[in-house]
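Below is one structure; the comments refer to it alone.
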Amino acid sequence: MRVFSSIDELRHTLDALKRQGRTIGLVPTMGYLHAGHMQLVARARAENDIVVVSIFVNPLQFGPAEDLSKYPRDLERDSAMLKQAGVNFLFSPGVEDMYPRPMQTVVDLPDLGGELEGAVRPGHFAGVATVVCKLFNIVQPQTAYFGEKDYQQVVIIKRMVDDLALPVRVIAVPTVRDGDGLALSSRNVYLSEAERRAAVIIPQTLDEAERLVAGGVADPGELEAKLTAFLNREPLAKPEVVAVRDASTLQPVTSITAPVVVALFVRVGSTRLLDNRVVGNDRIVGERGLPGKGVSR
């Protein structure tokens with residue numbers, strides 16, 4: 001595995017491989033890798049000749065009161081995991097490599113990005129879209145892989161790809177979970193033992209959503225209220241977003257007559273955790289999942 005921090009050096013290397021007809025898959029990450037990331041890597045490895053993983057803690061997507069400086073980092077550990085997984089290239093730039101001068105250009109999807117998580121983290125998704133667009137331009141992959149846990153992020157990236165006619169196929173890979181159902185996340189390391197035990201209320205709430213919809217609850221407001229009450233049974237969990245939205249557009253719905261995404265954004269202690277599930281009719285995952293445009297090209 002070769003490691004790059006220079007955009008020009010990575011581009012030069014990849015250009016030579018593209019001229020040979022090699023296909024390239026990209027897995028963008030912020031590092032501190034776990035089994036969920038490695039599932040994305042495995043999928044990319046199976047479907048491409050060359051796999052590029054980026055590790056970059058992107059300051060543009062952190063608000064002024066958020067945990068940029070505390071975000072967990074362990075490049076040596078991450079590199080060993082990626083090398084063992086058969087990754088060809090690790091792109092690990094510094095902030096000065098990615099943003100040698102203050103960015104004047106921003107990629108923003110204000111409607112999609114202002115909903116749900118974006119409502120409590122203003123500007124977050126503009127930072128995400130901007131860095132992902134830049135990574136797509138640097139690597140120019142045929143395919144890029146993202147986890148379904150960050151459902152809103154994937155919807156936004158797919159819409160960005162469609163709107164800007166970017167020649168990238170975006171693949172959503174199902175969420176990887178611990179044995180008790182908690183979605184794997186780099187932020188789980190922040191949880192104390194008691195908070196980690198309490199966090200299981202989040203996947204349990206998604207199970208409850210599925211049960212309620214299967215049992216006939218069709219009013220989204222009623223479902224949101226019941227799920228908020230369910231979450232509030234756990235004293236350490238403070239729900240910030242409990243929303244039922246159209247699974248394709250993330251817009252509010254008046255009735256659950258088609259698949260909807262149940263999106264949860266919950267603070268456990270001082271740590272914000274997010275999770276989601278598509279419920280109603282048949283759940284759609286992977287290339288069939290995250291309904292809407294940009295699923296395959």
Side-chain angles (χ1 to χ4, degrees), residues 1-7 9-11 13-14 17-18 22-58 60-61 71-94 97-98 125 127-158 160-161 166-177 183-187 285-287 289-290 294-297:
M1 184 180 73
R2 295 181 61 186
V3 181
F4 295 85
S5 61
S6 165
I7 292 173
E9 290 178 9
L10 177 63
R11 274 180 166 163
T13 301
L14 292 176
L17 292 167
K18 290 170 190 171
R22 303 287 192 92
T23 58
I24 296 172
L26 171 65
V27 180
T29 83
M30 292 209 301
Y32 211 74
L33 304 178
H34 52 65
H37 294 112
M38 301 318 292
Q39 189 69 26
L40 304 181
V41 170
R43 181 72 178 271
R45 176 75 275 166
E47 297 179 355
N48 299 274
D49 299 321
I50 302 295
V51 175
V52 180
V53 174
S54 64
I55 293 179
F56 179 60
V57 181
N58 174 36
L60 296 186
Q61 66 194 70
Y71 195 86
R73 297 164 170 87
D74 192 337
L75 186 59
E76 183 177 352
R77 166 186 167 275
D78 291 347
S79 297
M81 292 172 66
L82 296 173
K83 184 175 181 180
Q84 185 173 5
V87 169
N88 302 96
F89 302 119
L90 168 59
F91 179 47
S92 180
D97 299 304
M98 286 293 281
F125 284 113
V128 170
T130 299
V131 76
V132 170
C133 188
K134 188 159 188 172
L135 287 169
F136 285 176
N137 285 328
I138 292 167
V139 177
Q140 297 182 16
Q142 283 88 353
T143 313
Y145 299 82
F146 296 85
E148 274 190 359
K149 181 181 76 69
D150 297 299
Y151 188 97
Q152 184 176 7
Q153 172 177 279
V154 180
V155 170
I156 285 170
I157 290 167
K158 288 182 173 181
M160 176 187 75
V161 164
L166 300 177
V168 182
R169 189 164 66 108
V170 175
I171 300 295
V173 178
T175 302
V176 177
R177 299 180 179 277
L184 297 187
S185 169
S186 300
R187 295 179 184 272
V285 297
E287 290 94 333
L290 292 173
V295 174
S296 61
R297 303 183 82 76

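Only this structure's heavy atoms are used, side chains among them; waters, hydrogens and symmetry mates stay out. All residue numbers refer to positions in the sequence shown, counting from 1.
In terms of heavy atoms, Ala183 sits closest to Thr175 at CB-CG2, 3.7 Å. Residue Gly147 comes nearest to Val154 through the heavy atom pair O-CG2, 3.5 Å, listed as atom of the first residue, atom of the second, then distance. The two residues Leu40 and Tyr145 come nearest to each other via the heavy atoms CD1-O, 4.0 Å. Closest of all the heavy-atom pairs between Val87 and Val51 is CG1-O, 3.6 Å. Annotation for Glu148 and Pro174: closest pair OE1-CA, 3.9 Å, computed over non-hydrogen atoms. The shortest heavy-atom contact between Leu135 and Pro28 is CD1-CB, 4.0 Å.
At least one side-chain heavy atom of Ser79 sits less than 4.5 Å from a side-chain heavy atom of Leu90. Ile171 has its side chain out of reach of Phe146: every pair of non-hydrogen atoms, C-beta onward, lies at least 4.5 Å apart. Between Val128 and Asn58 the shortest side-chain heavy-atom distance does not fall below 4.5 Å. At least one side-chain heavy atom of His37 sits less than 4.5 Å from a side-chain heavy atom of Ser186. Side-chain contact between Tyr71 and Met30 is present, with heavy atoms from C-beta onward closer than 4.5 Å. Side chains of His34 and Tyr32 form no contact here, defined as non-hydrogen atoms less than 4.5 Å apart. Residues Val131 and Met98 are in side-chain contact: their nearest non-hydrogen atoms beyond the backbone lie under 4.5 Å apart. Two residues are said to be in side-chain contact when any heavy atoms from C-beta on lie closer than 4.5 Å; Leu26 and Phe136 meet this criterion.
Counting only N and O atoms by type, the side chains of Asn48 and Arg43 include no donor and acceptor under 3.5 Å apart.
The number of heavy atoms from other shown groups lying within 6.0 Å of CD (Gln39) does not exceed 12.
By the ring pair (Phe, Tyr, Trp, His ring centres under 6.0 Å) test, Phe89 is found to be paired with Phe4, residues two or more places apart in sequence or in another chain being considered. Every residue two or more places apart in sequence or in another chain that forms a side chain to side chain contact (heavy atoms under 4.5 Å, CB included) with Ser185 is listed here: Lys149, Arg187, Asn188.
Here the straight-line distance linking atom CG of Leu184 with atom CE of Met38 works out to 12.5 Å at 0.5 Å rounding. Taken to the nearest 0.5 Å, the OG1 atom of Thr143 stands 5.0 Å off from the CZ atom of Arg169. Distance check, rounded to the nearest 0.5 Å: CG of Leu82 to OG of Ser92 gives 10.0 Å. One finds the CD atom of Gln140 at 10.5 Å from the CG atom of Leu10 (value rounded to the nearest 0.5 Å). Taking CG of Asn137 as the reference point, atom CG of Leu166 lies at 7.0 Å (rounded to 0.5 Å). Within the model, atoms CZ of Arg11 and NZ of Lys18 stand 8.5 Å from one another, a figure rounded to the nearest 0.5 Å.
Side chain of Gln142 to main chain of Thr23: no donor-acceptor pair is present (N/O by atom type, distance under 3.5 Å, no hydrogens or angles). Side-chain N or O atoms of Thr29 include one that pairs as donor or acceptor with a backbone N or O of Ser54 at under 3.5 Å. Checking side-chain atoms of Asp74 against main-chain N and O of Arg77 turns up a donor-acceptor pair under 3.5 Å.
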Exercise. Under the side chain to side chain contact (heavy atoms under 4.5 Å, CB included) criterion, do Phe91 and Ile138 qualify, and how do the steps go?
Worked result: CA-CA 10 Å; Phe91 179 47; Ile138 292 167; 4.2 Å; yes
Exercise. Given the rule in the side chain to side chain contact (heavy atoms under 4.5 Å, CB included) test, do Ile24 and Val139 qualify, once you have shown the distances and angles that lead to the verdict?
Worked result: CA-CA 8 Å; Ile24 296 172; Val139 177; 4.0 Å; yes
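When the options Arg2, Lys83, Arg45 are evaluated for a side chain to side chain donor-acceptor pair (under 3.5 Å) with Asn88, the one that passes is Arg45.
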